[in-house]
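Remarks on the structure that follows.
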Amino acid sequence: MKVSNQEIANILYEIGEYLEMQDVAFKPRAYEKAAQTIESLAEDAGDIYKKGGLKALENIPGIGVSIAEKIEELLKTGKCQEHELLKKKTPVDLANLTKVEGLGPKKIKVLYQKLKIKNIGDLEKAAKAGKIAALEGFGEKSEQNILKGLEFLKKGSGRFPLPLIMGNIMELRNRLKSLKDVERLEVAGSVRRYKETVGDADILVISKNPKPIMDYFVSMPEVAHVYAHGPTKSAVKLKSGLDVDVRIVPEESYGAALMYFTGSKDHNVALRELAIKKGYTLNEYGLFKGTKEKKGKLAAGKTEEEIYRVLGLEYIEPEMREMTGEIELAQKNSLPKIIGYGDLKGDLQVQTNWTDGEKSIEEMAMAAMKIGLEYIAITDHTKRLAMTHGLDEKRLMKQMQEIDELNRKFKIKNTEFKILRSTECDILEDGSLDLPDEILKKLDVVGASVHSHFNLSEIEQTKRVCRAMKNPNVDIIFHPTGRIVGRREAYNLDMSTIIKTAKETCTILEINGSDRLDLRDQYIRMCVDAGVKMSIDSDAHNDSQLYFSGFGIAQARRGWATKNDIINAWSVDKMLSFLK
Ligand code: DGT
Ligand code: CA
Ligand code: CA
Ligand code: ZN
C-alpha cells in the first residue's frame, strides 16, 4: 500500500482537531506540528520507514513515539485505529467544515451535538434557518460570519480567469520578492504556464531564513483564511477567493521544484517516465542517478535547463508543457521558436472615446508609444452598436481626418509612431457589413466582428463569418469565436471551415488578449499548421489596458505561434503590405 505524506498529514491534522474537541491539553498542538513536519518532508515517510523502521520515524524532528506508531500503522494498513474511533464519536466532515472561516473543532462539536450538523450542506441549511444564532455561545453575529464564510468557500471553488487575477498575483509576488529573507521567488503552476484560468497560485521560494517570510505571508491584510502555517509550506485563501501557497525549497533542488510545481501534471509524468528509461529518477528534489529503490547521486536539480539537458531535451517553455507533442520535438531539437513577450510592434485593436473607450486617440497613441509600440490601429465600433455610439460613415470620415492630423504632428516631432485608420465593423446577421465598401476601402486596416445573433446554427454562423472574410476589404476577424473566459461560450462555428476560408481569402484571425482570450490555444495551433496569420491585440478601452496583449501573447505561445505567424510582430510596412 502506498500512503503519501499528504495523506498521513491530513489524518494527523484531523486527530489533532478531534482531540481539541475533547478539550485534551497539549496533544492537539503536537499532532498539528507533526502533520506540518510530515507534509513538508523531503522524503516519502514510507521510504524512511522502509529503510529504518519505527526508529527512523521517531528520529524525524517533532515526531514522538506515539505519533510515530500511528504513522507506522497508517503506512501498514492505510488506517489508524484512534482516528477511526474519534471519527465515530463525532462523524463530521472535518476537513471541509474547518475551511469555514471562524469554525474551529470546538464549535463544530457543538454544532454536531445540538443540531446534528455533519457537513457544509447541513451547516448552510441551519444558518439560513437562523438555528445557529439561537445556540448558546454563537449568536446573531457568528451566524452571519458562518454565512459569509460559506459564500466565500463557494466563490473559491471556481477557477479564476487569468487576465482578471494576474494583476493581484503579480502585486503579491513583487511584495513577497522584496522581503529581505527571500533569495529567489517564482510563481509556478498554471500561472507560470499562463493558462486561461487558474485554480490556485503556487509560489516557490529559496531562503535561509523562512520564518519571517511565512509569518508575513499568513498575516497579510488580504488573507481571509489560513490553511497552513509551517516552516516550509504555508497556504492561505485571499479575500478575492484565490488560494495561494508558498513553499520553501532548497537551492540545489530549485530547478527540480520549479519544474515539478510548474506542471502540467501530464508533462511531469512523461518526464518521469523518460527519466526512468534513461536510468534516472526525477522528482521535485532533483534528477538522480539510479532507480527509486537505489537512488544515487544528484545529476541535476538547480535549474530546469540542466534537468532538460541531462534528459536529452531542449528547454521547453512553460506555456508548451501541456503534453501536445512538445517532448518528442524537444528530443529532436526541433521545437518551434515561439513568439516572445516583447515581440509585438503594434496593436491592431484599440478603442477610444469616439465610442465606448475612455481616452482620446492621442492619449491612446501616447500610451502605446510609452510601452514601446510602433503603431496602433484605432478600431471604434460601428453604427449598429448604437449603445456604444458606434460610428457611421460621416463620423468615421471625421475620425480619419483627426488621425491624419495626429500622424502629421508625430512626423513633425520626428517620431516614427503611426496611427492606423481602422474600424471594428459589425458583421450583420447575413454576413454583410455595417459600413459600405467605399468607406472601408479608405481605411488602412479593416477589422470585423460579430456582436449579435449568437444563437445561429453552426452552418448559418459559419456561413456568416465566411461571407465577411470573403469581402475583399476585410483584413481581420476580431475575437473570432465570441467566447469570454468564464462568462460566455463561443458561438457555433465550424472552425476547420473558418480556418480554411481564412487561408483562401488571406484573412487574419485575431487573438484577443482581453478576458475573451479568443482565439483559444488549439485554434491557434490549427492556424499555425494551416499557415493562417494572426494578430495579437489588447482590445484596450483605456490607456491602462494596452498590456492585455500580453495575455494574447501567452495564448499564442500556448498555441505554438512564432513571430512569423503574428502580423503585428512585424514592422508597419511589412504588415500593411501583407493585407488584402
Ligand atoms: P491549477 O492550480 O488547477 O490551475 O493547475 P496547476 O497546474 O497549477 O495544478 P496544481 O496547483 O494542482 O499543482 C501545481 C503543479 O504541481 C502541477 O502543475 C503539477 C504538479 N503536481 C501536482 N500534483 C501532481 C501529481 O500528482 N503528480 C505530478 N507529477 N505532479 C503534480
Ligand atoms: Ca496551481
Ligand atoms: Ca496548488
Ligand atoms: Zn468587439
Side-chain angles (χ1 to χ4, degrees), residues 2-10 39-47 155-166 168-170 172-173 176 185-205 217 227-228 232-238 240-249 253-277 280-288 292 301 304 307-308 311 313 316-324 326-327 485-486 515 517 520-521 551 554-555 557-558:
K2 182 98 178 94
V3 185
S4 75
N5 286 357
Q6 192 61 58
E7 286 165 324
I8 296 171
N10 290 346
E39 194 171 44
S40 53
L41 271 185
E43 207 180 342
D44 251 9
D47 291 343
K155 212 163 62 171
S157 64
R159 298 179 63 80
F160 295 77
L162 189 68
L164 301 186
I165 199 88
M166 193 62 160
N168 291 342
I169 295 175
M170 288 300 114
L172 170 63
R173 179 195 67 173
L176 291 172
L185 182 145
E186 219 137 347
V187 186
S190 50
V191 175
R192 185 163 178 244
R193 305 199 315 282
Y194 280 90
K195 291 293 280 184
E196 294 179 350
T197 65
V198 301
D200 70 352
D202 312 276
I203 301 180
L204 299 183
V205 176
F217 175 64
Y227 298 119
T232 57
K233 188 184 167 189
S234 294
V236 302
K237 183 185 279 297
L238 301 183
S240 63
L242 182 77
D243 287 345
V244 182
D245 49 55
V246 168
R247 284 188 184 77
I248 309 287
V249 301
S253 307
Y254 187 71
L258 188 57
M259 189 178 229
Y260 180 89
F261 289 108
T262 295
S264 68
K265 196 171 154 180
D266 292 343
H267 179 86
N268 287 352
V269 169
L271 288 182
R272 277 182 191 209
E273 283 166 5
L274 182 67
I276 291 168
K277 266 194 217 144
Y280 293 98
T281 304
L282 175 66
N283 58 31
E284 60 268 50
Y285 307 106
L287 180 66
F288 298 90
K292 208 166 186 167
E304 288 184 323
I307 299 172
Y308 279 116
L311 288 174
L313 300 172
I316 302 173
E317 299 284 355
E319 296 89 332
M320 296 178 83
R321 300 180 193 173
E322 301 290 347
M323 274 312 271
T324 54
E326 72 275 15
I327 293 184
V485 180
D515 61 352
L517 296 181
R520 49 182 315 168
D521 48 9
F551 298 111
Q555 194 86 345
R557 286 164 64 84
R558 270 188 287 100

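Values below: every heavy atom of this structure, side chains too, minus hydrogens, waters and symmetry copies. Whatever order the structure lists ligands and atoms in, that order sets their numbers, starting from 1.
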Does some non-hydrogen atom of Lys195 fall short of 4.0 Å from ligand 1? no
Between Arg193 and Glu326, is the closest basic N to carboxylate O distance under 4.0 Å? no
Are Tyr254 and Glu186 close enough that a side-chain donor and a side-chain acceptor fall under 3.5 Å? yes
What atoms in ligand 1 come closer than 4.0 Å to a heavy atom of Gly189? 8 (O)
Under 3.5 Å, N or O to N or O, is Asp202 touching ligand 1 that way? yes
In sequence, state the C-alpha distance, the side-chain angles, and the governing distance for Lys195 and Glu322, and then conclude on salt bridge (charged side-chain N to carboxylate O under 4.0 Å, His left out). CA-CA 10 Å; Lys195 291 293 280 184; Glu322 301 290 347; 3.6 Å; yes
Option nearest atom 26 (O) of ligand 1 (shortest heavy-atom distance, choices Arg321, Arg159, Arg272, Lys265): Lys265
Atoms of ligand 1 less than 4.0 Å from Phe261 heavy atoms? 14 (C), 15 (C), 16 (O)
Before you tell me yes or no, could you show the steps for Leu271 and Ile307 under side chain to side chain contact (heavy atoms under 4.5 Å, CB included), namely the whole-Å CA-CA distance, both residues' side-chain angles and the distance that decides it to 0.1 Å? CA-CA 10 Å; Leu271 288 182; Ile307 299 172; over 6 Å; no
Please identify which atoms of ligand 1 are closer than 4.0 Å to at least one heavy atom of Val198. 4 (O)
A student checking ligand 1 against Arg193 at a 4.0 Å heavy-atom cut-off should list atoms 7 (O), 18 (O)
Cationic tip of Arg247 within the cone over Phe261's six-membered ring, i.e. under 6.0 Å and within 45° of the normal? yes
Residues Ile203, Leu176; criterion side chain to side chain contact (heavy atoms under 4.5 Å, CB included); working and verdict: CA-CA 10 Å; Ile203 301 180; Leu176 291 172; 3.9 Å; yes
For OD2 in Asp202 and OD1 in Asp200, the angle at the Ca ion (ligand 2) (nearest 10°) is 100°
So is Thr262 close enough to ligand 1, meaning a heavy atom under 4.0 angstrom away? yes
Close side-chain approach of Phe551 and Asp515, heavy atoms under 4.5 Å: no
With sequence neighbours left out, write down each residue that passes salt bridge (charged side-chain N to carboxylate O under 4.0 Å, His left out) with Arg558, or none if nothing qualifies. Asp521
Any nitrogen or oxygen of Val269 lying under 3.5 Å from a nitrogen or oxygen in ligand 1? Just yes or no. no
Check: Ser264 N/O within less than 3.5 Å of ligand 1 N/O: no
